[in-house]
Amino acid sequence: MPEGNEIHRFAERHAAALAGKRLHVDSPNGGFPDASLLNGRTLKLVEAYGKHLGYVFGKDLIVHVHLGMYGDFWEGKMPLPPEKGALRLRMWTRTDWVELRGATDCSIFDSEKWAALLARLGADPLREDADPEPAFATIRKRKTAIGLLLMDQRIFAGIGNIFRAELLYRARISPMRPGQEVSLAELRSIWKDACKLMPAAMEDRRIVTTRPKDRPHSRGTVPSETVSDEEVHYVYRRHNKPCLVCGATIKRQEMGGRTVYWCPECQKA
DNA sequence: GTGGGATGGGCAA
DNA sequence: TGCCCCTCCCACA
């Protein structure tokens with residue numbers, strides 16, 4: 001049940017374990033009927049873009065995986081563990097295995113379908129090649145609340161409900177503020193913050209946003225151990241609790257079918 | 001034991 | 001805008 005940080009981490013780990021090798025592939029619960037097409041083929045690489053994964057076996061043989069709310073991977077060293085639960089996809093070599101359960105989508109894309117998917121995704125803070133300027137321009141034209149725009153995968157890819165709430169808190173911007181009233185400087189600051197927090201979350205395997213902005217995460221250290229479990233988020237799922245900064249009661253509200261959390265004092269409309 | 005909610009997104013209407 | 005997909009966890013009984 002990940003945001004972009006976890007998806008990119010899966011891509012790195014699965015590529016390290018499986019890419020360049022001939023794989024055994026099956027689908028114990030039958031939820032991926034094309035598994036037999038891949039069995040015995042070589043996985044070339046694993047791509048991550050936003051919350052989407054592509055396991056590339058060939059130009060027109062790309063396994064698209066989107067985990068949605070419930071999907072999750074498990075991985076380990078051979079031998080295979082006993083079959084358990086609704087096991088949609090299983091890939092293994094002589095040394096490593098990966099299991100997929102509960103995904104929203106697991107299906108084969110050809111190169112055209114994969115390209116069309118990437119074309120409709122916005123700037124991904126976890127990709128070196130990301131250009132956020134089109135996203136800034138789009139947001140500056142819209143009356144829609146910034147809290148909705150940040151979650152729109154056509155604008156930014158990989159940001160989910162936790163990062164939405166926390167990035168807006170750290171920028172001291174209310175989720176309800178219209179996009180066109182967010183300054184370019186504020187948008188650049190949010191992007192820069194995302195480009196710092198998301199790689200850190202990738203490495204930590206959890207999203208920690210309560211580190212001060214002026215104390216950047218450095219690779220190779222374990223900074224999350226200095227933060228208690230109660231303090232890893234400023235506002236996400238902290239409704240009815242006091243703001244860690246000003247003490248005001250954190251609020252929550254439905255926004256576009258999802259729950260948004262914010263501090264009514266720190267974050268101004 | 002049980003019921004509600006959850007890190008998502010596509011689709012119909 | 002609301003429903004579906006169909007899983008896991010937690011608070012509460």
Side-chain angles (χ1 to χ4, degrees), chain A residues 1-11 27-33 48-54 63-75 81 83-90 99-109 113-114 116-122 124-126 143-145 147-170 175 193-194 197-210 224 229-230 232-241 250-262:
Chain A
M1 300 143 223
E3 300 196 13
N5 56 298
E6 199 69 14
I7 299 304
H8 282 259
R9 187 167 189 279
F10 282 135
S27 174
N29 82 340
F32 179 49
Y49 205 121
K51 297 168 187 167
H52 298 260
L53 284 161
V63 180
H64 171 252
V65 174
H66 193 290
L67 295 179
M69 292 278 268
Y70 318 126
D72 203 6
F73 285 105
W74 291 86
E75 59 195 70
E83 286 180 26
K84 192 184 155 196
L87 190 42
R88 181 126 177 223
L89 169 66
R90 191 162 59 168
E99 294 178 343
L100 170 67
R101 289 179 181 76
T104 290
D105 188 44
C106 172
S107 62
I108 291 183
F109 279 26
K113 199 171 174 188
W114 178 252
L117 167 67
L118 298 193
R120 69 168 187 265
L121 291 175
D124 179 349
L126 285 167
K143 290 179 183 170
T144 305
L148 286 171
L149 297 172
L150 269 192
M151 291 271 280
D152 186 335
Q153 302 296 302
R154 294 168 298 184
I155 298 177
F156 292 119
I159 293 175
N161 207 16
I162 301 175
F163 278 116
R164 158 176 73 177
E166 297 296 305
L167 288 167
L168 287 173
Y169 179 82
R170 287 163 64 93
D193 206 24
L197 289 179
M198 293 180 77
M202 215 175 135
E203 195 170 338
D204 289 352
R205 307 188 64 181
R206 64 173 182 165
I207 298 171
V208 179
T209 57
T210 42
S224 59
D229 281 343
E230 282 69 43
V232 296
H233 302 139
Y234 282 112
V235 292
Y236 178 73
R237 284 216 219 179
R238 294 198 66 250
H239 53 287
N240 300 329
K241 291 182 179 169
I250 302 299
K251 291 190 169 186
R252 73 169 169 177
Q253 181 182 310
E254 287 296 302
M255 181 181 255
R258 310 294 300 282
T259 308
V260 69
Y261 306 82
W262 81 105

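Since the model is a prediction, treat every value here as computed from it, not as a measurement.
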Tell me which nucleotide among [options] gets nearest to the side chain of [X].
X	options	result
A:Asn161	B:dT7, B:dA6, B:dG9	B:dT7
A:Arg237	B:dA6, B:dG10, C:dT7	B:dA6
A:Gln153	B:dG9, B:dG10, B:dT7	B:dG9
A:Tyr236	B:dG10, B:dT7, C:dC5	B:dT7

Donor on one side chain, acceptor on other, A:His52 and A:Asp105, under 3.5 Å: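 Note: A:His52 and A:Asp105 side chains miss the donor-acceptor criterion.
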Sugar-phosphate only, base, or nothing, as touched by A:Tyr261 at under 4.0 Å among non-hydrogen atoms: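 The answer is sugar-phosphate, as A:Tyr261 gets under 4.0 Å only of primed atoms, P, OP1 or OP2.
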Touch class at under 4.0 angstrom, heavy-atom based, for A:Arg154 against every strand present: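 The answer is nothing, as A:Arg154 stays clear of every strand by at least 4.0 Å.
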Can you tell me, in whole Å, how much space there is between the [atom1] of [N] and that of [M]?
N	M	atom1	answer
B:dG1	C:dC6	P	26 Å
B:dT7	C:dT1	C1'	22 Å
B:dG10	C:dC8	P	23 Å

Grab the [atom1]-[atom2] distance between [X] and [N] for me, whole Å please.
X	N	atom1	atom2	value
A:Asp72	C:dC6	CG	P	16 Å
A:Gln253	B:dG5	CD	P	16 Å
A:Asp105	C:dC6	CG	P	11 Å
A:Arg252	B:dA6	CZ	P	6 Å
A:Arg164	B:dA6	CZ	P	11 Å
A:Met151	B:dT7	CE	P	7 Å
A:Glu6	B:dG8	CD	C1'	15 Å
A:Arg238	B:dT7	CZ	C1'	18 Å

Minimal non-hydrogen separation, A:Arg238 against A:Ile250, with atom names: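 Of all heavy-atom pairs spanning A:Arg238 and A:Ile250, the closest is O-CB, 3.3 Å.
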Below 4.0 angstrom from OP1 or OP2 of [N], is there any side-chain N or O of [X]?
X	N	result
A:Thr259	B:dA6	yes
A:Lys51	B:dT7	no
A:His66	B:dG9	yes
A:Arg258	B:dG9	no

First of A:Asn5 and A:His52 reached from the 5' end of DNA chain B, by closest nucleotide: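 Between the two, 5'-proximity favours A:Asn5.
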Between [Y] and [X], does any NZ, NE, NH1 or NH2 come within less than 4.0 Å of an OD or OE carboxylate oxygen?
X	Y	value
A:Asp204	A:Arg206	no
A:Arg170	A:Asp193	yes
A:Arg205	A:Glu203	no

Pairing nucleotide - C:dT7, Watson-Crick or G-U, each distance under 3.5 Å: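 Partner of C:dT7: B:dA6.
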Under 3.5 Å donor-acceptor pair, A:Thr104 side-chain atoms to B:dG8 base atoms: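 Yes.
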Ring geometry between A:Tyr261 and A:His239 (parallel below 30°, tilted from 30 to 60°, perpendicular above 60°):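 Taking A:Tyr261 first and then A:His239, their aromatic rings sit tilted (interplane angle of 30° to 60°).
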